[in-house]
There are 2 protein chains.
Amino acid sequence: MKPYLIQMLKELALLGAIKNRIEVSSMELSEKLLTSQQTASRYLLELDTNGTIEREMGIKKQLIHITKDGLDVLQNEFLEYKQIFALPQRIYFIGTIVSGKKEGSYYTAIEGYQSQFKKKLGFNPYPGTLNVQIDTMEKNKLRFLRKVEGIEIEPFEDNKKIFGGVKCFHACINAINTILVLPLRGHYSNILEFISESYLRDSLRLEDGNKVHILVTIEDQLSCEVNNEKQ
Amino acid sequence: MKPYLIQMLKELALLGAIKNRIEVSSMELSEKLLTSQQTASRYLLELDTNGTIEREMGIKKQLIHITKDGLDVLQNEFLEYKQIFALPQRIYFIGTIVSGKKEGSYYTAIEGYQSQFKKKLGFNPYPGTLNVQIDTMEKNKLRFLRKVEGIEIEPFEDNKKIFGGVKCFHACINAINTILVLPLRGHYSNILEFISESYLRDSLRLEDGNKVHILVTIEDQLSCEVNNEKQ
DNA sequence: ATTACTAAGTTACGAGTAA
DNA sequence: TTTACTCGTAACTTAGTAA
């Protein structure tokens, strides 16, 4: 999305258009953006067309509400600024143990993955993955993890089949060390997959439906202290 | 500043140009911004001209560092997103008690202020202000307070002299309720002024040089829960 | 009051290219 | 390789208005 449209969207959000339908005129917005009424009007048309806002035209002014898509755009911007200024070194999830479709065993057995795991993680993972279901609302944390530095496992081809790249992070599940494995491509899933040197279900004494606390550790990155309000 | 320049500045910050001089070519940046090498080069020239970055040209690539001015631009953007998504309901300061220039007694005695204080705060302040010196690095918190909703005291004219508007916030100093009074116009000062119904120096048993903990409470605003990583 | 169209003016973009 | 200039064209802006 074009930077000037993001700016307009941000301005609408500051006026409360995420939570409420706000009543605002193109003239008022033009003053905030230091541009003309016509340009503000055109921006609103563009945002409407690309689905980031919904409008109801009044006889005076208009009612504007930011859509889910619009919210995503803004959250992504926010995420980038958080990366610049206040990178959290740890990300927490709470999840529920679920059964995989035995795909984990298949993938962890592939030579192309195994050799990279051994080289980059320092161990051969126990066959299979531990699957933990998280809240779909946690998508932003996953988006964040995709952006920050992790242990990259390269994509490769084996027997004409292409295996996608994944990114690994050191993580703790209920205080036991594991590796979180995230696919680099494709849609965000609400299932997190973990690998370990040992059979995690045993070492953690877990069965389906158990709640677990997950702590993902992020590699050192730039971070500038700023506005460190407590609580 | 133009939105596309802010975008470029953000990209440079993400590459680490706040902390370090980063080595980057206009071609690499053009790929990140999905634009041409020429445009990226022009953006860099513009950022250099307006003083938000400093450059050293290498024979290959260039060394780029974001200046104080550039950092201010980015911090301001960040502040706006924080306002949108994760407004802190409280802001903390640590400060040192200092003596004012007796101006506080003068201002609190002006009828135009007194009547508004009585009406909007519900009490007549004790003459004078308690002055607390804070770190100049806390400027961002003040900038933030200027933006959010507070108790507005209108500017007025009295005897041909114009008295500027101020904004009040409920605050606690060492757990005693007070009111923080911030001028709406003018430069940011590193002295915070507090008023109260009683003589604060007595009720707090304070003298110059004492360190105090200040907690400023912000009125309810929109806030969307997102990425609430703990710690 | 509004929104938003048209048309003309202005700015920005990027291919080509020099240094 | 780089950076960044020229210049034709594409995109954006806004005055003037209609609805």
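Any value given below was found using the heavy atoms of this structure, including those in side chains, with hydrogens, waters and symmetry copies removed. First the proteins, then the strands, lettered A, B, ... as listed; each starts at 1.
Between the P atom of C:dT3 and the CD1 atom of A:Ile59 lies a distance of 10 Å, rounded to the nearest Å. With rounding to whole Å, B:Met8 atom CE is found 14 Å from C:dA12 atom P. B:Lys61 has its NZ atom 9 Å from the P atom of D:dT3, to the nearest Å. Between the NZ atom of B:Lys60 and the C1' atom of D:dT2 there is a distance of 8 Å, rounded to whole Å. Rounded to a whole Å, the CG atom of A:Leu44 is 12 Å from the P atom of C:dC5. Protein atom CG of A:Asp48 is 13 Å distant from nucleotide atom P of C:dT3, rounded to whole Å. Remark: P of C:dA4 and CD of A:Gln62 are 6 Å apart, rounded to the nearest angstrom. If you measure from atom CE of A:Met57 to atom P of C:dT3, you get 6 Å, rounded to the nearest angstrom.
Note on ring orientation: taking the six-membered ring where Trp is involved, the planes of B:Tyr81 and A:Phe78 are parallel (angle under 30°, cut-offs 30° and 60°). A parallel orientation is assigned to the rings of A:Phe163 and A:Phe156, their planes being inclined by less than 30° (bins at 30° and 60°). Note: B:Tyr43 and B:Tyr4 have parallel aromatic rings, judged against thresholds of 30 and 60 degrees for the angle between ring planes.
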Apply side-chain contact (heavy atoms from CB on, under 4.5 Å) to B:Phe123 and B:Ile179, showing your working. CA-CA 11 Å; B:Phe123 65 86; B:Ile179 299 287; 3.8 Å; yes
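Annotation: side-chain hydrogen bond (donor to acceptor under 3.5 Å, both in side chains) contacts involving residues 183-197 of chain A, sequence neighbours excluded, comprise A:Thr129-A:Glu193.
Residue contacts for A:Ser25: at a heavy-atom cut-off of 4.0 Å it reaches the sugar-phosphate backbone alone, with no base atom in range.
Of the charged side-chain nitrogens involved, none lies within less than 4.0 Å of a carboxylate oxygen, so that A:Glu28 and A:Lys32 do not count as a salt-bridged pair. A salt bridge does not link B:Glu77 with B:Lys10: every distance from a Lys NZ or Arg NE/NH1/NH2 to an Asp or Glu carboxylate oxygen is 4.0 Å or more.
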Do nucleotides 5-19 of chain D as a string where each nucleotide becomes B, S or -: B if the base has a protein heavy atom under 4.0 Å, S if just the sugar-phosphate does, - if no protein is that close. B------SBBBB---
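Summarising the geometry, atom CD belonging to A:Glu80 is positioned 10.5 Å from atom CZ belonging to A:Arg143; distances are rounded to the nearest 0.5 Å. Rounding to the nearest 0.5 Å places CD1 of A:Ile18 at 5.0 Å from CG of A:Leu71.
Between A:Arg55 and the phosphate of C:dA4, there is a side-chain N or O to OP1/OP2 separation shorter than 4.0 Å. Side-chain nitrogen and oxygen atoms of A:Ser26 include at least one within less than 4.0 Å of the OP1 or OP2 phosphate oxygen of C:dT3.
For the helix from C:dT2-D:dA19 to C:dA19-D:dT2, the rotation axes defined at the first and last 5 base pairs enclose an angle of 40°, given to the nearest 10°.
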